[in-house]
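Notes follow once the structure below has been shown.
Because the structure is a prediction, the values reported are computed rather than measured. Residue numbers start from 1 in every chain, and the chains themselves are labelled A, B, ... in the order their sequence lines are given, proteins ahead of strands.
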Amino acid sequence: MFDQRVPGIPSVAPAPSPVYVDVVLPRRLHRPFTYVIPSELTGQVAIGQSVIVPFGSQDLHGLVTAVHDRLPLGAPEQGLKAVRALAPASPNHLLTPAQIDLSRWLADRYAAPWGQCIKLVLPSVDQVDRRQSRYLPTEQGMTTPSSLEGLSEVEAQVLARLRRRPRGLTEATLAQGDKSRIARALQGLIRKGLVVHRHDAVVPKAPRGNRNFPQESAQAHLAKVTIDALPPPPEAAAWPTTVDQALSQDAGASLLLQGGRDTRFWCLVQAIRATVCRGRRVLVVTGDVENAGRLAESLMAVGERPLLLHSGLSARARTAVWQSAQASSATILVGTRMAVFAPLGGLGLVWVEGEDDVSLKEEQVPRYHAREVARRRASCDRALLVLASSHPSLESWAAAQQGEMKVCVYRASASAPSVRVIDLKAYAREIPAGTLLSPPLYEGIRDALRQNALAILYLNRKGFASVLHCADCGAMPQCDACSVVLTFFKRRNHVRCHYCGRTKPVPDHCHQCQSLKLEPVGSGTERIEEAVRRKFPQARVGRVDGETIRRPADARAFNRLLAADELDVVIGTQMLFRLGLQGQAAFVAVPDADAGLHVPDFRSAERTYHGLMDAVELARPAHAGGVVMVQTRLTVHHAMVALATGHDAVFLEQELAFRQMLQYPPLTSLVRLDVSGTLEPMVAQAADRWAALLRAEVAGAARLDIKAGCGSIMSQHAASAEGESSTVIILGPSPAPHAMVRGRYCWQILVKSLSPEAGRELVVRTRETLERGSRRGGLRFDIDVDPIAMA
DNA sequence: AGCACGCCGACT
DNA sequence: GTCGGCGTGCTC
């Protein structure tokens with residue numbers, strides 16, 4: 001069809017139609033695969049097009065990333081398969097250049113296979129409906145008497161069933177109940193030529209209906225008027241002007257917004273209106289499903305019509321939302337992490353709500369951080385990026401300090417409760433063993449009960465490790481090199497650093513105060529609930545944690561209980577902050593604020609501080625009697641000082657200084673490498689090999705630097721000690737904190753580097769060499785760029 | 001990633 | 001002997 005040469009005119013190199021395509025498949029594969037374009041598809045295959053290709057024994061949707069008119073380098077010369085079909089010409093199967101770029105960026109940024117990244121920008125590539133493939137008896141299978149063949153019992157049964165249904169049966173129908181047995185029999189029958197497996201590569205049906213919008217509340221129209229008329233909260237008076245200026249900048253500005261939940265929501269509504277006025281679209285991303293739902297509902301209540309996208313929706317519902325976003329029928333989309341890839345064009349505002357939330361980081365490959373993707377999307381569309389939270393992440397705050405974004409702090413001082421930091425050491429003798437109930441805490445609860453008001457106890461015991469601490473001063477032994485808490489191994493009687501893997505004998509005295517009372521901590525918090533119940537037998541006590549609140553329905557039930565005034569004291573973990581109890585408690589206590597510091601992670605102080613801030617937010621304003629008590633043995637810790645004085649900057653500046661001193665993010669860039677497999681010695685050996693490879697590369701680069709530059713010769717010793725002079729530092733390998741996960745042994749290596757690219761590039765290069773070697777023992781090599789926690 | 005194939009132990 | 005569980009290697 002393309003080859004319409006006019007006869008008579010000599011064929012002077014007519015632009016040849018491409019004959020080969022590179023296809024990226026939605027699998028964990030690092031390279032594209034080359035296919036032949038069959039003659040009937042000549043001229044119809046373009047970059048960005050989704051195609052159906054045979055891959056092994058299955059048919060897959062893949063994405064065309066390149067077209068060639070001759071065999072591309074590296075492709076096998078024979079045995080190439082042909083593209084089976086084009087995916088239907090629906091927007092569902094066509095990536096825009098922007099989406100291709102985003103997926104490519106993601107693959108580079110997070111050292112992830114491109115195919116996996118494409119799944120995020122085009123979820124429907126993964127949906128070739130396998131249930132539509134059918135098994136059919138062949139002619140031979142229809143005619144041969146089954147008794148004659150060497151068939152197993154199951155094979156004979158399956159063949160008999162298929163003979164009765166010459167149009168074939170789907171695997172789902174055939175394999176009811178007994179999957180693998182029948183699948184195996186089918187393979188046997190196929191091998192014997194009695195059955196064929198036919199893939200019609202049917203594309204999933206287009207979803208019906210337009211129920212993608214959350215229910216509109218009856219008062220929405222009225223509400224819109226109300227909020228417009230509502231004066232801005234005094235602390236955020238400057239916001240409308242700030243947003244207006246930011247939106248007017250053509251380059252795409254970034255703002256770091258810090259404030260309470262209600263203030264932030266007001267700011268969001270203002271920003272949305274200003275953006276929509278300019279004819280541009282809005283993407284709002286937040287950490288958890290409930291919050292996304294709540295935001296969407298609140299936006300509905302003020303008259304907006306956001307699309308809602310999160311992992312709680314069915315695949316079909318998600319596809320529908322995706323289509324609506326692409327079809328431009330919506331201007332606002334609210335959702336969780338995954339929503340940051342929604343195909344919403346012409347963005348004017350990208351809002352990350354709760355930008356410090358760790359759930360914005362995906363823990364599966366590709367291990368992206370939605371905040372970073374949001375940044376990328378905003379910059380591609382020259383949109384305004386707003387990172388909003390009650391307490392900024394250190395990353396974002398440092399970026400603001402560097403002048404990369406403007407900071408807007410809208411704190412309503414009037415709504416702050418009175419905060420008291422209690423020194424547990426001072427009450428050591430008065431506290432019943434293991435209960436942590438100091439006299440002031442006890443009084444606080446009693447006062448709240450007397451007023452018939454709510455008391456909340458926040459127990460931060462997430463990710464507890466076995467750690468030693470000094471009973472006198474509260475200090476915890478740390479790794480000299482990594483400055484993270486050392487984990488205590490009782491059986492081996494040693495302490496170990498999870499970052500660099502070094503072990504030491506258990507120290508016999510505290511380095512801070514020379515006390516000899518170093519003891520393991522960790523069990524005290526469990527007894528608090530019991531102690532509260534015993535001390536206040538008349539109080540109605542409720543517990544909120546991962547066990548009591550499993551589903552959103554549980555949270556609603558709990559809220560109903562509270563609303564009906566059925567609870568006096570609520571004890572809980574971070575889960576407390578998701579219930580929307582902000583500003584409701586007369587008394588909030590944190591019996592053991594240090595608990596969060598017992599996590600061997602350089603971010604443990606930041607997490608602890610954020611948890612404490614969230615706890616403070618649960619209390620009423622001081623003028624309404626709101627009191628917060630925070631108990632600690634580390635009263636001089638910057639988190640406690642910041643909390644006691646109410647000056648965020650105390651914490652942020654001090655913490656940033658620590659990170660700088662110890663070369664942690666945000667001042668350096670971190671990559672965690674996971675080596676896992678079924679045989680421990682092989683895993684350990686492979687991890688050693690990778691670390692050695694990395695060190696060799698680093699040393700090689702350092703030698704080059706020396707030759708080129710200063711000429712001073714680094715001694716062997718200094719080189720192997722990886723001194724400050726090096727821009728890349730390799731820590732480990734060490735067994736992962738949870739050394740065995742699902743029968744696989746895990747080891748990890750940390751790569752610290754001054755430039756993010758240097759670390760990433762080094763890691764990717766060495767993985768290639770490593771994977772070229774043997775892959776026995778089920779070894780896997782995973783890369784986590786900017787890890788948020790140790791695995 | 002997902003699938004087939006092959007080897008091995010448990011059971012009819 | 002058959003069944004089904006894993007470990008291993010391959011996919012244009």
By side chain to side chain contact (heavy atoms under 4.5 Å, CB included) - contacts of [X] (at least two apart):
X	result
A:D288	A:E290, A:N291, A:D357, A:R578
A:V289	A:H310, A:S311, A:T336
A:E363	A:K361, A:D784, A:I788

Nearest-Å distance, [atom1] ([X]) to [atom2] ([N])?
X	N	atom1	atom2	answer
A:F33	C:dC10	CZ	C1'	8 Å
A:L189	B:dA4	CG	C1'	16 Å
A:L25	B:dC3	CG	C1'	14 Å
A:R780	C:dG7	CZ	P	13 Å
A:R84	C:dC12	CZ	P	10 Å
A:E155	C:dC3	CD	P	7 Å
A:F55	C:dT11	CZ	P	8 Å
A:D22	C:dT11	CG	C1'	15 Å

Taking only nitrogen or oxygen atoms into account, show me every contact under 3.5 Å that the protein makes with nucleotides 6-12 of chain B, one pair per line with its distance.
unit_1 : atom_1 : unit_2 : atom_2 : d
B:dG6  : O6     : A:R184 : NH2    : 3.4

Quick one: which of [options] gets closest to the side chain of [X]?
X	options	result
A:S57	B:dC3, C:dC12, C:dT11	B:dC3
A:R27	B:dG2, C:dC12, C:dT11	B:dG2
A:Q58	B:dG2, C:dC12, B:dA4	B:dG2

Honestly, is A:R104 close enough over A:W114, meaning NZ or CZ under 6.0 Å from the six-membered ring centre and within 45° of the axis?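 A:R104 over A:W114 ring: yes.
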
Can you list everything that forms a salt bridge (charged side-chain N to carboxylate O under 4.0 Å, His left out) with A:R780? Sequence neighbours excluded, please.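 Listed in chain order: A:D782.
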
Tell me, please, which residues at least two apart from A:R109 pass salt bridge (charged side-chain N to carboxylate O under 4.0 Å, His left out).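 A:R109 satisfies salt bridge (charged side-chain N to carboxylate O under 4.0 Å, His left out) with A:D786 once adjacent residues are dropped.
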
Need one value for A:P54: base, sugar-phosphate or nothing, where a base atom within 4.0 Å counts as base even if backbone is also close, heavy atoms only.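 Touches sugar-phosphate only.
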
I'd like to know whether A:W747 forms a side chain to side chain donor-acceptor pair (under 3.5 Å) with A:S676, so could you lay out the CA-CA distance, the side-chain angles of the two residues, the decisive distance to 0.1 Å, and finally the verdict. CA-CA 6 Å; A:W747 283 59; A:S676 67; over 6 Å; no

